[in-house]
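Next up is a structure, given as C-alpha cells.
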Amino acid sequence: MTDPTSLPNFPPPPEESPLRGRVLDALQDLQLQPDLDAEGDIKFTAQEQQLFVRSLTGGQVDIMRVYGQWQIADSVPTDLLTRLNGCNDITLGVNLVKAGIASGNLVLSVEQVIAPKENPKAKVQIAVSMILQAVALWHRNVTAKAKREADIAAGGTGDVVVEGKGDASGEQQKVGPWLSEGTRRKQGGTPDAGGEA
C-alpha cells in the first residue's frame, strides 16, 4: 500500500507538458522510438537515418530544432566550394531547411516555432520528411553540378543530364547552375546576363 498522506504523482496534462515531453509523445505516436542522448536532445531513427530534436524553451514561444548530420561519402566531389554551393542550393531552394558543412559532415536542420499548448506531431513529420528529402537532393545536386562545372571547364556546354530523372513526358532533366550563381557563367567566368549587386 502507498502512504495515504502522499499526493499522487500523475503526469501533467499534454497541454501543460514542456516541449521536450510533447516531442517525445509525438515521436512515440509516430513509432520512431525516441530516446534521450547525453546532451538532453531526443534521438530517433527515421528511414534508417539517425536524427535529433532539440527543444529551445523560454519566452513566449518555444523552438523545436530537428537536425541530422551525415558523413560525406567518398563518391561526392571533394571540392569544398562545390559542397558549400550544394548547401546553399538547399538553404535557398527548400523551404525551412538549413544546410551546412561542419568537420567534413553535412548538417541539415529545420527550426519551427511551437506554441506553448501546441501538439508538435505534424511539425515533426514535416521536418523529418523535408530533411530526408534534402539529404538526397544535396547529394544529387553536388554530384551532377560538379560534372556540369567540369564539362564547362573542359570547353563543353555544361548540358549535363541528371541520371534517372525525367519528367512525365520522358524528357531528361538538365542540370542547371547553382542558385547562388544565377545565370550560367561563360567560359571566361562572367555571367551571361544580369548586373552586379
Side-chain angles (χ1 to χ4, degrees), residues 1-73 76 80 83-143 165 178-180:
M1 293 208 36
T2 59
D3 180 0
T5 61
S6 66
L7 295 173
N9 188 11
F10 297 116
E15 63 272 7
E16 293 180 17
S17 178
L19 178 58
R20 187 167 67 174
R22 288 181 283 146
V23 170
L24 279 166
D25 290 344
L27 290 168
Q28 287 173 344
D29 288 350
L30 295 168
Q31 300 178 353
L32 295 175
Q33 294 147 9
D35 193 14
L36 293 177
D37 69 7
E39 296 176 9
D41 291 345
I42 302 168
K43 63 180 178 178
F44 64 97
T45 303
Q47 296 180 17
E48 301 178 9
Q49 303 296 315
Q50 181 87 44
L51 297 173
F52 301 87
V53 180
R54 178 169 292 169
S55 301
L56 306 167
T57 57
Q60 296 180 345
V61 295
D62 296 331
I63 296 178
M64 177 181 69
R65 177 184 296 147
V66 180
Y67 66 97
Q69 63 179 7
W70 292 264
Q71 186 174 6
I72 299 173
V76 174
L80 182 59
R83 291 177 175 191
L84 290 172
N85 276 333
C87 291
N88 195 48
D89 273 8
I90 296 297
T91 302
L92 291 174
V94 180
N95 190 23
L96 296 179
V97 180
K98 293 189 293 187
I101 303 289
S103 300
N105 294 322
L106 172 66
V107 180
L108 298 173
S109 69
V110 171
E111 292 181 354
Q112 296 168 298
V113 173
I114 308 292
K117 296 183 179 183
E118 180 181 357
N119 181 345
K121 183 177 175 180
K123 288 184 177 177
V124 167
Q125 287 178 297
I126 291 167
V128 168
S129 176
M130 292 181 80
I131 285 174
L132 294 177
Q133 289 176 31
V135 170
L137 179 62
W138 180 87
H139 188 273
R140 189 193 77 195
N141 276 0
V142 167
T143 303
K165 295 288 181 185
W178 298 109
L179 291 177
S180 56

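Sequential numbering from 1 along the given sequence is applied to the chain's residues.
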**OP:** Answer yes or no: is there a side-chain heavy-atom contact under 4.5 Å between Trp138 and Arg83?
**Re:** yes
**OP:** Look up atom CG in Leu108 and atom CD in Gln69, then write down how far apart they are to the nearest 0.5 Å.
**Re:** 10.0 Å
Original post:
Does the side chain of Leu30 reach to within under 4.5 Å of the side chain of Phe44, using non-hydrogen atoms?
Top reply: no
**OP:** Could you verify whether a donor N or O on one side chain and an acceptor N or O on the other, from Gln133 and Ser129, lie under 3.5 Å apart?
**Re:** yes
Original post:
Any donor and acceptor pair, going by atom type alone, linking the side chain of Asp37 with main-chain N or O of Glu39 inside 3.5 Å?
Top reply: yes
Subject >> Pairwise distance CD1(Ile114) to CG(Asn119) - rounded to 0.5 angstrom >> reply: 9.0 Å
Original post:
So, for Ala115 and Arg22, which heavy atoms are closest and what is the spacing to 0.1 Å?
Top reply: O-NH1, 3.2 Å
**OP:** Start with the C-alpha gap between Val66 and Ile131, add the side-chain angles, then the distance that decides, and say whether side-chain contact (heavy atoms from CB on, under 4.5 Å) holds.
**Re:** CA-CA 8 Å; Val66 180; Ile131 285 174; 3.8 Å; yes
Original post:
Taking the side chain as C-beta and beyond, is there a heavy-atom pair between Ile72 and Ile101 under 4.5 Å?
Top reply: yes
Subject >> Exercise: identify the closest heavy-atom pair between Ala99 and Thr91 >> reply: N-OG1, 3.0 Å
Subject >> Tyr67 versus Ser109, closest heavy-atom pair with distance >> reply: CB-CB, 3.7 Å
Original post:
Is a donor on one side and an acceptor on the other found under 3.5 Å between the side chain of Thr143 and the backbone of Val76?
Top reply: no
Original post:
Which atom pair, heavy atoms only, marks the closest approach of Gln112 to Lys123?
Top reply: OE1-O, 3.1 Å
Subject >> Candidate list Val135, Ile90, Leu96, test side chain to side chain contact (heavy atoms under 4.5 Å, CB included), partner Met130, passing option >> reply: Leu96
Original post:
What pairs with Glu48 under salt bridge (Lys or Arg N to Asp or Glu O under 4.0 Å), at least two apart in sequence or on another chain?
Top reply: none
Original post:
Less than 4.5 Å apart, any side-chain heavy atom of Leu51 and any of Thr45?
Top reply: no
Original post:
Counting only N and O atoms by type, is there a donor-acceptor contact under 3.5 Å from the side chain of Asp89 to the main-chain atoms of Leu179?
Top reply: yes
Subject >> From Gln125 atom CD to Leu27 atom CG, the distance as rounded to the nearest 0.5 Å >> reply: 10.0 Å
Original post:
Distance from Ile42 atom CD1 to Asp35 atom CG, nearest 0.5 Å?
Top reply: 10.0 Å
**OP:** Mind running side-chain contact (heavy atoms from CB on, under 4.5 Å) on Asn88 and Leu84 for me, showing each step along the way?
**Re:** CA-CA 6 Å; Asn88 195 48; Leu84 290 172; over 6 Å; no
**OP:** Would you indicate whether the side-chain heavy atoms of Asp62 and Ser55 approach each other to under 4.5 Å?
**Re:** no
**OP:** Ignoring hydrogens and angles, tell me if any N or O in the side chain of Arg20 forms a donor-acceptor pair with the backbone of Gly40 under 3.5 Å.
**Re:** yes
Original post:
Looking at CD of Gln47 and CG of Leu32, how far apart are the two atoms once the value is rounded to the nearest 0.5 Å?
Top reply: 9.5 Å
